[in-house]
Amino acid sequence: MSDYKQTLNLPATSFAMKGNMANREPSMLKEWAAKDLYGKIRAAKKGKKSFILHDGPPYANGNIHIGHAVNKILKDIIVKSKTLSDFNAPYVPGWDCHGLPIELMVEKKVGKPGHKVTASVFREKCREYAAKQVNGQREDFKRLGIFADWEKPYLTMDFHTEANIIRALGKIAQNGHLHQGFKPVHWCTDCGSSLAEAEVEYQDKHSPAIDVRFTAVDQSIADKFSLPVSSQGKHEGTGEISVVIWTTTPWTLPANRAVSVNADVEYTLVQCDTLPNGEAGKLRLILASDLVTSCMDRYGIDKYHALGFCKGSDLELVQLNHPFYDFTVPVILGEHVTTEAGTGCVHTAPGHGVEDFEVGKLYNLEVANPVGANGVYLEDTPLFAGQHVFKANANVVETLKEHGALVHHHALEHSYPHCWRHKTPLIFRATPQWFISMDNKGLRTDSLKEIEKTQWIPDWGQRRIESMVEGRPDWCISRQRTWGVPMALFIHQDTGALHPKSIELIEVVAKRVEEKGIQAWFDLDASELIGDDAQEYIKVPDTLDVWFDSGTTHYSVVDAREEFDDIADLYLEGSDQHRGWFMSSMMSSVAMNGKAPYKQVLTHGFVVDSKGHKMSKSLGNVITPKEITNNLGADILRLWTASVNYTQEITAGDEIFKRQADAYRRIRNTSRFLLSNLNGFEPAQHSVAFEDMVALDRWVVDKAARLQTEIITAYNEYEFHVVVHKLMNFCTTELGGFYLDIIKDRQYTAKADSNARRSCQTAMYLIAEAMTTWMAPILSFTAQEIWQALPTPASGTRDEFVFTGVWFDGLATMPDDTVLGNEYWSELLLVRGEVNRVLELARKEKIVGKALEAQVTLYANADLADKLSQVGEELRFVLITSKATIEVVTDSNKAPSDAIATEVDGLWLSVAAATGTKCDRCWHVTPDVGTHDAHPDLCGRCIINIDGAGEQRSYA
RNA sequence: UGGAACAUAGCUUAGUUGGUAAAGCCUCCGACCGAUAAUCGGAAGACCCUUGGUUCGAGUCCAAGUGUUCCAACCA
């Protein structure tokens with residue numbers, strides 16, 4: 001055996017084939033942190049045009065789930081790609097730290113505020129708990145390779161943020177958007193306080209279900225129905241006309257202010273020829289047509305008939321007598337009214353029901369609130385003063401009977417909200433609340449204008465938030481909670497009016513909060529700030545809705561942090577945030593500044609399992625980021641995130657991650673092969689000028705340049721799956737299946753320092769440089785690993801990190817129609833595909849094994865033959881055969897019958913075993929092997945490459 | 001129940017103004033043994049969710065339906 005292998009330029013690299021990223025990433029992160037990578041990026045981009053992605057704060061509770069991971073990875077990809085586009089894109093991560101879920105967790109540990117611990121201590125515990133949660137989540141985010149100012153995040157519980165939240169409230173009040181009102185909330189009469197939905201549990205309860213009739217003030221209401229007409233005139237029937245309602249909460253009747261009907265439902269005027277339970281007498285009742293039969297059954301009225309019909313809308317504003325009070329209430333229209341149960345007419349007490357409240361607002365109904373905090377009717381409540389509402393139920397029923405208004409009464413067992421602590425039934429009770437008005441100062445219309453100016457991606461986001469803003473009620477920002485930013489206002493104890501100096505006072509309070517946190521407000525003695533006014537003015541005890549906290553971060557964070565010099569360019573969150581953060585941010589920003597807080601809003605979908613179902617513990621289909629990073633590494637998780645169209649639901653599953661790992665290996669191996677062929681290549685001394693390169697090498701560099709443009713565009717449009725697909729396809733199709741396969745001959749067998757070899761090394765080097773930047777925003781760990789393995793560039797130094805630089809600018813392009821340019825090689829690629837197909841047939845027949853054992857004859861028409869011959873003798877290198885012969889086909893000189901027709905117009909192929917002997921060095925089969933005395937096992941080409949000046953290559 | 005979105009090979013995605021459904025991965029078969037737990041070649045693989053409609057012609061336009069997700073909270 002000869003030793004010619006030693007004369008080859010075989011690939012060599014220390015870059016491992018297996019990434020083993022799960023194990024290696026943590027140490028890379030450690031190193032990056034030690035070297036202050038984030039700080040280095042900031043320094044490198046200082047003074048550059050800024051791009052501000054403002055982080056929506058996750059709630060500081062619990063481990064991060066895969067949705068958090070997707071969100072942060074997408075943000076990170078954007079920040080990194082913008083950085084490579086030479087923007088200064090600082091990334092300040094945030095956390096939402098106040099609010100009920102944390103209170104509930106802390107309650108479990110230390111009990112409710114005001115019981116075992118003071119409110120002050122309780123807040124301290126909440127603060128500690130939130131801080132701990134933030135630390136945990138922060139480490140998990142870091143593990144994903146997210147680059148951020150982790151040492152200086154923003155927390156909504158930072159003292160200066162808390163102070164700014166209060167200032168934001170002041171600004172909104174100053175601009176006239178703040179007003180007081182009432183709103184019904186879940187109320188526990190034992191606690192004497194409101195409850196959050198999370199504190200409500202549903203249990204079965206027995207309630208008195210009653211049907212009550214409200215007599216019409218004006219009996220001519222009958223005219224509204226389509227009454228039958230006879231010779232005696234209209235048949236109107238006889239008996240008092242009433243609308244009948246059904247309710248399970250008789251105690252709410254004192255607060256009744258209307259009866260709701262559905263505009264589109266048909267109602268019947270029913271002539272009853274007996275009273276309920278068969279007693280003698282006549283009545284006319286108004287009921288939903290669909291429910292007449294069931295109602296009559298229930299009432300025990302068997303002699304009745306329909307007099308006429310009308311739509312609910314016909315009854316609007318008809319006046320009815322309250323069943324036991326001396327005032328009238330209107331019939332109003334509400335969409336919440338259905339005909340599933342009851343009578344189709346709904347008792348409406350705006351003080352005791354959310355739907356009642358909402359519909360009542362449309363009709364300017366009074367929000368009557370006759371029930372005190374202890375569940376007892378207030379002193380000025382006629383008939384029931386001093387009675388507890390649940391005890392009063394029986395008395396209300398009795399009173400109804402006395403007034404002849406009770407149509408039916410029975411007991412009902414149904415699911416009813418209870419206090420989770422006392423297990424007692426809850427009531428809905430209107431309490432004074434603070435609202436940001438949607439319409440008083442045109443907030444709704446102004447917001448809609450700003451929404452239109454904002455770019456929503458995908459574009460349906462705009463319609464979505466618009467419809468929400470159009471339909472939303474005033475924003476109730478007050479909460480009766482402990483762990484929240486206080487509504488730092490003083491109101492008059494009797495009138496509820498804001499203190500005349502409220503705006504100045506807010507700044508004074510904010511200064512104190514800046515020093516000592518929100519506790520400063522709760523510790524504050526009113527007289528300290530307002531002196532003698534403290535006799536008449538009291539501190540508002542409410543806290544702010546946490547949506548207000550996060551919604552105002554455009555002010556408390558973006559405006560406040562010195563690394564930001566403008567409003568945010570981009571907000572990026574899950575699509576649920578149209579209702580949430582996007583909305584609260586828009587509302588507060590317009591209320592404060594009259595403009596949107598962001599220029600673009602990008603949304604992503606939710607992560608679902610492989611069947612498209614949401615992830616939940618009960619289904620057992622939850623995949624955690626930790627599982628992925630521990631098994632496959634963060635780069636796989638990142639690649640997966642980047643490879644999907646995240647605007648829809650994002651599917652996660654075992655097979656999907658396995659496929660991502662496959663894709664990862666392909667990209668990694670292609671990079672490895674490039675690196676291994678750059679062994680010994682010094683760009684400064686070995687680079688070949690573009691115009692001196694072999695044609696095929698120029699083509700691939702041009703291809704890479706075109707691709708880079710497309711990839712940057714895809715990054716700019718936030719379409720990362722396009723990046724991944726293009727990258728993969730380039731590795732597979734252009735590189736693996738074509739270019740790299742072809743140049744192996746040159747790379748391995750040409751003289752080490754020949755133009756033929758240096759040319760393709762130059763191309764591979766340029767591609768490796770560019771490709772590393774392409775993948776850096778996504779496969780950050782791998783890209784940096786490759787970056788460190790790349791040779792020193794011609795400039796003499798390489799930045800320590802791929803992340804501080806810009807897209808590679810060393811690629812060159814050629815016009816499409818350049819001689820031997822893109823068009824030419826595209827066509828040759830097609831020809832090669834056909835050759836491969838035919839080679840495969842020959843392989844099946846055992847004529848050849850590998851392609852180099854074959855010789856191919858291309859029968860081509862004149863046009864094609866001319867093209868093919870442009871690369872001359874080097875055509876065989878393109879086809880990776882030992883010989884390639886072109887035969888011109890004309891009408892008179894057709895291809896032989898055993899040649900195989902191809903998909904390429906005017907091309908027939910035939911394949912045979914190459915004649916000659918296999919060269920021991922380059923493995924081509926040629927007749928001249930054995931004719932050279934010095935090297936009997938080599939072909940002439942190899943001898944030139946070993947002993948001579950080296951072969952010349954121009955094309956491939 | 002309302003509002004919004006989505007539905008194309010096993011997987012991830014392309015499918016322009018309607019004109020015979022593409023790519024990569026996976027799978028299978030083969031080659032190679034100088035990218036080797038790699039690489040190369042070839043092949044197979046789709047009732048474009050269903051049903052109607054418009055049209056000479058529909059993955060694409062329209063309608064209805066099915067499935068899934070998000071929204072409709074003093075949850076974030």
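Lettering follows sequence order; numbering is per chain, from 1.
- Shown here are the side chain to side chain donor-acceptor pair (under 3.5 Å) partners of Tyr765(A), two or more places apart in sequence or in another chain: Glu769(A).
- Within 4.0 Å (heavy atoms only), Arg579(A) reaches sugar-phosphate atoms of the nucleic acid but no base atom.
- Considering only side-chain N and O atoms, Lys844(A) lies nowhere under 4.0 angstrom from the phosphate OP1 or OP2 of C29(B).
- Residues passing the salt bridge (Lys or Arg N to Asp or Glu O under 4.0 Å) test with Asp609(A), sequence neighbours excluded: none.
- With both ends at atom P, the span from G15(B) to U54(B) equals 29 Å, rounded to whole Å.
- At a threshold of 4.0 angstrom between heavy atoms, the contacts of Trp547(A) include nucleobase atoms, whether or not backbone atoms are also involved.
- Between Phe657(A) and Trp640(A), the two ring planes are tilted [angle within 30° to 60°].
- Within the structure, every side-chain polar atom (N or O) of Arg666(A) is placed at least 4.0 Å from both OP1 and OP2 of C26(B).
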*What would the secondary structure line of RNA chain B be in dot-bracket form, counting Watson-Crick and G-U wobble pairs under 3.5 Å, with [ ] for pairs that cross earlier ones and | for pairs with another strand?*
(((((((..((((.....[..)))).(((((.......))))).....(((((..]....))))))))))))....
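- With both ends at atom P, the span from A21(B) to U60(B) equals 13 Å, rounded to whole Å.
- Counting only residues at least two apart or in different chains, salt bridge (Lys or Arg N to Asp or Glu O under 4.0 Å) contacts with residues 727-742 of chain A comprise Asp741(A)-Lys744(A), Asp741(A)-Arg832(A).
- Note on Lys614(A): every side-chain N or O is 4.0 Å or more away from OP1 and OP2 of U68(B).
- A search for side chain to side chain donor-acceptor pair (under 3.5 Å) contacts involving Trp456(A) returns nothing, not counting sequence neighbours.
- When the C1' atom is compared between A23(B) and A9(B), the two are found 12 Å apart, to the nearest whole Å.
- Taking only side-chain nitrogens and oxygens, Arg672(A) comes nearer than 4.0 Å to OP1 or OP2 of U36(B).
- Partners of Arg921(A) under the salt bridge (Lys or Arg N to Asp or Glu O under 4.0 Å) rule, at least two apart in sequence or in another chain, do not exist in this structure.
- Aromatic stacking of Phe673(A) on A35(B): satisfied, with centres closer than 5.5 Å and planes within an angle under 30 degrees.
- Proximity of Tyr748(A) to the phosphate of A35(B): a side-chain N or O atom is located under 4.0 Å from OP1 or OP2.
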_salt bridge (Lys or Arg N to Asp or Glu O under 4.0 Å) assessment of Arg837(A) paired with Glu834(A)_ = CA-CA 5 Å; Arg837(A) 216 163 53 80; Glu834(A) 293 304 316; 3.1 Å; yes
